[in-house]
Amino acid sequence: MEKNNRSIRIECPKLLITRNESDLQWLIGSPFSPPLTIISTFRCIHSGSSGPDFLKESEEIRTLLLKGFDVIGALIVGKSDPQKTAVRAVEAARNLRKVLSGRTNLENEEMIGAVADPDTGDIRFFVSDNESLASLDLVNSVSYDANPEKFLWESGCLLLCQLPIKLPVCFPVNKPSDVECIFSRAIEAVIAKLKDPNVVYMVEASNKASLDVVQPVILRGEDLDFDTTAPNIELLDEAARSSDQKLLPCAHFCLKSKSTPHLFSAKNADILQVSVLLNRSEKSPKCSAPAVEYFPALEETRLLIVDFNLEVLCYAVQGIPLMHAISKLIIPGLIDQLISMKQMTLPNLLTQHPELHPYHFSPPGIAHPITVIYELNYGETEMKQVDARRSLHLRLGLPFDRPLLRIASSLDLSIKDHSSRSSTRKGSSLLKDVHIGIPSSGVSGGIVSLVQGSYEYYHYLQEGFDDSGWGCAYRSLQTIISWFRLQHYSSVDVPSHREIQQSLVDIGDKDPAFIGSREWIGAIELSFVLDKLLGVSCKIINVRSGSELPEKCRELALHFETQGTPIMIGGGVLAYTLLGVDYNDATGECAFLILDPHYTGSDDVKKIVNGGWCGWKKSVDSKGKSFFLQDKFYNLLLPQRPNMV
């Protein structure tokens with residue numbers, strides 16, 4: 001049965017289709033998006049012969065998933081009857097949604113049941129309107145959005161609330177078994193405080209959005225609305241202004257426009273900072289001195305202090321009123337995170353408390369951030385933490401050879417200034433990702449394969465050091481090492497020319513007189529330095545002449561798709577950094593994206609791009625000329641990603 005007015009909208013780059021029959025994925029949407037819009041998927045990783053373990057799944061997804069997103073369905077991979085399989089998917093999604101929300105009735109809430117063929121990858125979508133599951137509606141209209149980041153962030157924003165709590169727990173020494181009950185009651189008291197009429201929530205902008213100073217907004221517990229459900233919240237015009245502060249939209253604190261498309265991302269989202277304050281004296285009828293009440297313990301008592309550092313991140317559209325953003329997103333987020341930390345603390349309540357800290361990540365392929373709580377008593381390389389990250393990579397469909405969820409990869413939620421494209425190292429400003437936005441290569445029907453992640457542009461005469469005529473390979477190496485730093489594979493500083501030379505002397509490749517010299521280095525020396533400083537192995541490709549480079553395009557494209565690291569090309573006394581290829585496999589036409597370290601000017605992106613110092617170079621241009629010399633022998637250095645999670 002089909003309803004023609006229904007359409008599934010998919011706002012994630014790909015669904016995590018596998019060949020494993022009965023593989024189940026949770027479909028994630030948002031109450032602020034059009035109905036039946038899939039924003040991401042999480043793989044179910046706790047299941048048995050009887051189906052998913054909803055308790056374990058809910059505990060992990062409740063932490064991972066920001067408030068502002070919900071489970072809206074499930075996808076099952078299988079070849080059995082699609083209608084029956086879709087019923088199972090809908091039933092599983094409803095059960096998980098009930099556990100997550102604490103509600104027993106999800107009547108009149110649409111739920112998607114998707115069935116994927118393990119051989120072809122074809123997906124059929126069904127929709128259920130109610131809990132009876134008597135019949136499902138087949139939906140044939142499915143659209144895939146090429147720019148999910150713009151969909152989410154053009155009118156979306158983030159709310160951040162950091163709340164440190166020192167929780168005193170007193171329990172009788174002769175009854176240690178009572179401590180869990182007392183601890184739970186203390187947690188419940190904190191939760192009640194978050195909804196107290198006297199509690200105060202202060203909202204302010206945490207972005208340097210403009211020169212205009214936007215004053216903070218104060219909302220009290222009595223101003224909040226805990227009854228209206230998220231789908232029934234009336235969104236306001238983003239330009240709305242109200243004398244009643246609780247009716248101001250989140251847009252009041254957001255940038256009015258974003259000038260360039262690359263700003264549509266979680267990393268560049270507008271952030272509203274929410275602070276929690278407790279005001280007990282506001283409506284006191286008369287002035288009075290502070291009072292202290294003393295309750296003597298009736299028996300010998302022990303005092304425990306349990307520290308919680310809550311940090312909740314939520315997603316909202318800019319049109320949501322502030323009172324609803326706090327009551328439906330911030331407060332439920334604080335409660336859920338506090339309960340999660342409580343469960344993690346309970347097993348060791350009387351011994352060493354775990355040092356818990358939430359971190360937020362924006363992994364590739366997922367348009368929205370996620371939150372992970374790490375136990376800092378364990379080092380990142382200890383197996384407990386490694387296993388926890390592997391489990392997260394499995395759930396999110398992330399590769400197992402990239403440190404995407406290490407602490408160093410977490411989102412920087414400090415004050416942002418959207419006007420800058422530079423990064424700072426040792427007091428100097430270095431351009432990042434200068435290839436973004438450059439003109440296309442002109443290769444007809446080609447497939448573009450690019451460097452994955454960020455890098456810094458190193459070139460001649462930078463930081464007051466004159467290496468013109470001999471330092472191009474050093475600069476290419478610095479760019480490559482900056483890539484490994486920015487992807488958090490290493491915390492080693494980008495080395496100077498002298499430090500590079502010292503490394504080669506230390507391993508016995510060069511004599512001590514090499515230090516301080518102006519001698520060239522090539523691919524072999526670069527591989528030695530990368531191995532010594534970063535533990536990175538490299539593949540070297542030798543090409544007899546520039547005319548043979550196009551023959552390596554297929555191999556280079558595979559490198560960018562699987563490894564994604566910048567490549568150094570060396571020929572004679574010249575070296576370049578290769579950031580990508582555009583290759584038509586049928587015609588053999590190709591172009592190389594070159595970042596030229598021979599540039600000697602100021603760090604001006606327009607000047608660099610317009611001058612051809614970063615751009616596409618065809619193997620043979622319209623005049624029959626080639627960028628690479630035909631009579632030169634070339635070495636290509638292909639750094640490999642370390643296999644680490």
Side-chain angles (χ1 to χ4, degrees), residues 29-33 62-63 65-71 97 100-103 105-106 109 155-163 165 187-206 216-238 240-254 269-280 282-283 308 310-340 358 368-369 371:
S30 171
F32 307 123
S33 300
R62 185 179 285 112
T63 298
L65 195 59
L66 271 58
K67 294 299 178 184
F69 297 103
D70 288 320
V71 173
R97 180 85 168 261
L100 285 169
S101 65
R103 293 184 290 137
N105 184 8
L106 299 180
E109 293 188 18
S155 61
C157 63
L158 292 170
L159 294 97
L160 174 67
C161 181
Q162 296 163 314
L163 180 61
I165 297 173
I187 295 288
E188 290 168 6
V190 172
I191 292 172
K193 292 273 190 187
L194 296 173
K195 299 182 179 182
D196 192 294
N198 292 312
V199 74
V200 171
Y201 292 90
M202 182 173 69
V203 186
E204 53 192 329
S206 64
V217 169
I218 300 293
L219 296 178
R220 295 175 173 82
E222 61 189 11
D223 298 327
L224 304 180
D225 177 3
F226 295 100
D227 298 324
T228 304
T229 58
N232 294 325
I233 293 174
E234 182 178 351
L235 300 181
L236 304 174
D237 187 300
E238 292 176 10
R241 293 292 178 266
S242 173
S243 58
D244 189 347
Q245 291 192 331
K246 69 183 180 183
L247 295 179
L248 284 172
C250 289
H252 180 70
F253 294 101
C254 297
D270 292 299
I271 301 177
L272 280 65
Q273 180 79 42
V274 181
S275 302
V276 185
L277 310 167
L278 192 61
N279 183 357
R280 280 291 184 189
E282 183 208 357
K283 294 188 177 181
F308 293 113
L310 306 185
E311 186 175 292
V312 168
L313 195 64
C314 306
Y315 171 80
V317 288
Q318 295 181 15
I320 187 174
L322 291 175
M323 68 171 182
H324 288 121
I326 292 172
S327 58
K328 307 309 295 185
L329 301 174
I330 288 293
I331 293 176
L334 289 170
I335 292 171
D336 279 355
Q337 193 170 99
L338 183 59
I339 292 174
S340 294
H368 61 81
T371 298

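Note that these values count all heavy atoms, side chains included, but never hydrogens, waters or copies made by symmetry.
Remark: the backbone N or O of G68 is paired with a side-chain donor or acceptor of S30 at under 3.5 angstrom. D336 places no side-chain N or O within 3.5 Å of a backbone atom of G333 that could act as its donor or acceptor partner.
A distance of 10.0 Å separates CD1 in I330 from OG in S275, rounded to the nearest 0.5 Å. To the nearest 0.5 Å, the span separating SG on C250 from CD1 on I326 amounts to 8.5 Å. For the atom pair CG (L329) and SG (C314), the distance works out to 5.0 Å, reported to the nearest 0.5 Å. Taking CG of L313 as the start and CD1 of I271 as the end, the distance is 7.0 Å to the nearest 0.5 Å. Atom CG of L163 and atom CG of L277 lie 9.5 Å apart (nearest 0.5 Å). To the nearest 0.5 Å, atoms NZ (K67) and CZ (R62) are separated by 7.0 Å.
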Worksheet item: For Q273 and Q162, what are the C-alpha separation, side-chain angles and deciding distance, and is it a side chain to side chain contact (heavy atoms under 4.5 Å, CB included)?
Response: CA-CA 8 Å; Q273 180 79 42; Q162 296 163 314; 3.4 Å; yes
Practice prompt. Take H368 and L66, measure what side chain to side chain contact (heavy atoms under 4.5 Å, CB included) needs, and give me the verdict at the end.
Written response: CA-CA 8 Å; H368 61 81; L66 271 58; 5.6 Å; no
Practice prompt. Check the pair D270, L158 against side chain to side chain contact (heavy atoms under 4.5 Å, CB included), reporting the backbone distance first and the verdict last.
Written response: CA-CA 6 Å; D270 292 299; L158 292 170; over 6 Å; no
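At least one side-chain heavy atom of R97 sits less than 4.5 Å from a side-chain heavy atom of D70. Looking at heavy atoms from C-beta onward, L338 lies out of side-chain contact with L194 at the 4.5 angstrom threshold. Using a 4.5 Å heavy-atom threshold, the side chains of I331 and K195 count as touching. In this structure the side chain of F253 reaches within 4.5 angstrom of the side chain of L322, judged on heavy atoms. Considering only heavy atoms from C-beta on, V317 stays 4.5 Å or farther from P249 through its side chain. Within the 4.5 Å cutoff, no side-chain heavy atoms of L65 are placed close to those of Y315. I339 is listed as a side-chain neighbour of I191, based on a closest heavy-atom distance under 4.5 Å. Side-chain contact between F308 and V190 is absent, with no heavy atoms from C-beta onward closer than 4.5 Å.
The two atoms that bring G156 and Q318 nearest to each other are O-NE2, 3.4 Å, heavy atoms only. Minimum interatomic distance between L310 and Q337 (heavy atoms only, all atoms of both residues): CA-OE1, 3.2 Å. When all heavy atoms of E311 and L160 are compared, the pair lying nearest together is CG-CD1, 3.7 Å. Across all non-hydrogen atoms, the minimal contact from D225 to S327 is O-OG, 2.7 Å. Across every non-hydrogen atom of L247 and M323, the tightest pair is CD2-CE, 3.9 Å. Residues R220 and V200 approach most closely at CG-CG2, 4.1 Å, considering heavy atoms.
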